[in-house]
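So the structure is just underneath, and the comments pick up after that.
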Amino acid sequence: GDSVTQTEGQVTVSESKSLIINCTYSATSIAYPNLFWYVRYPGEGLQLLLKVITAGQKGSSRGFEATYNKETTSFHLQKASVQESDSAVYYCALSDRGTQVVGQLTFGSGTRLQVYA
Amino acid sequence: EAAVTQSPRSKVAVTGGKVTLSCHQTNNHDYMYWYRQDTGHGLRLIHYSYVADSTEKGDIPDGYKASRPSQENFSLILELASLSQTAVYFCASSDSYEQYFGPGTRLTVL
């Protein structure tokens with residue numbers, strides 16, 4: 001089946017430093033799935049941060065960027081300068097357009113980002 | 001105004017007891033989903049529904065039932081709660097490939 005791998009369970013970064021959260025994927029029934037980053041702030045539900053549905057394209061939102069790389073099957077999340085308010089849990093996810101369940105998402109295990117002043 | 005709400009936000013249940021988790025959406029979406037998340041794991045789909053009065057099994061339906069009495073409401077039912085069902089449960093609604101999530105319910109079964 002489909003899978004999404006986030007290798008870092010937790011990342012701690014100093015404010016104003018750069019960030020990269022790794023994500024790789026495997027989609028068994030379709031070559032080019034839709035890719036997403038969701039974020040969960042403390043006490044809130046998951047929110048869509050950005051999505052990319054076309055291989056080779058880049059998505060961006062709130063200073064974060066992620067590029068859909070079909071060669072390396074990766075969708076790493078990056079930010080040039082993080083803020084304390086970015087502290088949250090970040091989830092990489094894919095949707096397989098061939099699935100019978102409309103909108104069904106396969107999630108990575110999440111990466112908790114802690115930004116300190 | 002939160003478009004997907006869940007109740008309760010946290011619950012402690014006893015093994016063998018019945019637990020009902022509720023979800024309400026104001027997005028006017030046809031699709032609704034229940035996921036569970038265990039520490040160190042991604043969200044996994046339990047049940048979903050694409051129309052009122054109908055529910056479908058997701059990837060991990062064993063031990064759970066679902067109910068969709070209206071477009072707005074979707075419940076998850078644990079008839080006989082077990083220790084292994086301790087987790088955080090998320091509800092979501094969708095009308096496309098983008099989902100909108102509730103804040104989650106933390107369930108602890110003792």
Side-chain angles (χ1 to χ4, degrees), chain A residues 1-10 21 23-28 30 32-54 59 61 68 75 88-112, chain B residues 1-10 21-27 29-51 54-61 66 74 87-106:
Chain A
D2 299 339
S3 66
V4 176
T5 302
Q6 294 178 244
T7 53
E8 305 102 346
Q10 178 157 328
I21 298 177
C23 172
T24 57
Y25 67 88
S26 172
T28 55
I30 189 169
Y32 304 127
N34 298 323
L35 298 177
F36 306 81
W37 277 101
Y38 280 83
V39 58
R40 185 186 178 201
Y41 296 103
E44 299 182 16
L46 282 75
Q47 304 172 19
L48 180 65
L49 179 59
L50 57 87
K51 69 177 178 181
V52 180
I53 63 173
T54 304
S61 174
Y68 189 152
F75 192 54
V89 182
Y90 293 81
Y91 297 90
C92 185
L94 70 80
S95 71
D96 182 340
R97 283 166 280 184
T99 183
Q100 290 183 342
V101 183
V102 170
Q104 181 175 4
L105 294 168
T106 300
F107 286 89
S109 55
T111 298
R112 181 176 298 276
Chain B
E1 190 75 37
V4 181
T5 56
Q6 294 182 231
S7 63
R9 293 293 309 276
S10 68
L21 307 182
S22 299
C23 178
H24 179 79
Q25 58 111 348
T26 58
N27 294 322
H29 288 163
D30 289 328
Y31 281 81
M32 295 188 74
Y33 312 81
W34 275 107
Y35 292 90
R36 68 174 278 174
Q37 184 184 24
D38 300 279
T39 302
H41 293 83
L43 282 71
R44 292 180 291 170
L45 183 64
I46 306 170
H47 284 287
Y48 66 98
S49 169
Y50 55 84
V51 68
S54 177
T55 64
E56 305 292 335
K57 295 180 179 179
D59 297 327
I60 53 164
F74 191 35
V88 179
Y89 292 84
F90 291 97
C91 176
S93 73
S94 170
D95 62 356
S96 64
Y97 290 101
E98 180 173 340
Q99 296 191 13
Y100 299 83
F101 285 83
T105 295
R106 182 174 296 277

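Below, read A as the first sequence line, B as the second, and so on, with proteins coming before strands; counting in each chain starts at 1.
- With a threshold of 4.5 angstrom between heavy atoms, B:Arg44 does not approach chain A through any atom at all.
- Comparing B:Leu43, B:Asp30, B:Asp59, B:Asp38 by heavy-atom pairs within less than 4.5 Å of chain A, the highest count is held by B:Leu43.
- A 4.5 Å side-chain heavy-atom check between B:Gln25 and B:Tyr100 finds every atom pair outside the cut-off.
- The side chain to side chain contact (heavy atoms under 4.5 Å, CB included) check on A:Thr5 picks up A:Thr7, A:Thr24, with sequence neighbours excluded.
- The shortest distance between side-chain heavy atoms of A:Leu94 and A:Phe75 does not fall below 4.5 Å.
- If you measure heavy-atom distances from B:Gln37 to chain A, the contacts under 4.5 Å come from the side chain alone.
- At a 4.5 Å heavy-atom cutoff, A:Arg112 makes no contact with chain B through either its backbone or its side chain.
- The greatest number of non-hydrogen atom pairs below 4.5 Å with chain B, out of A:Gly43, A:Cys92, A:Gly9, is found for A:Gly43.
- The minimum heavy-atom distance between A:Ser95 and A:Phe36, with the atom names listed, is OG-CE1, 3.5 Å.
- Contact check for B:Pro61 versus B:Trp34: no side-chain heavy atoms found under the 4.5 Å cut-off.
- Looking at A:Leu48, only its side chain comes within 4.5 Å of chain B, counting heavy atoms on both sides.
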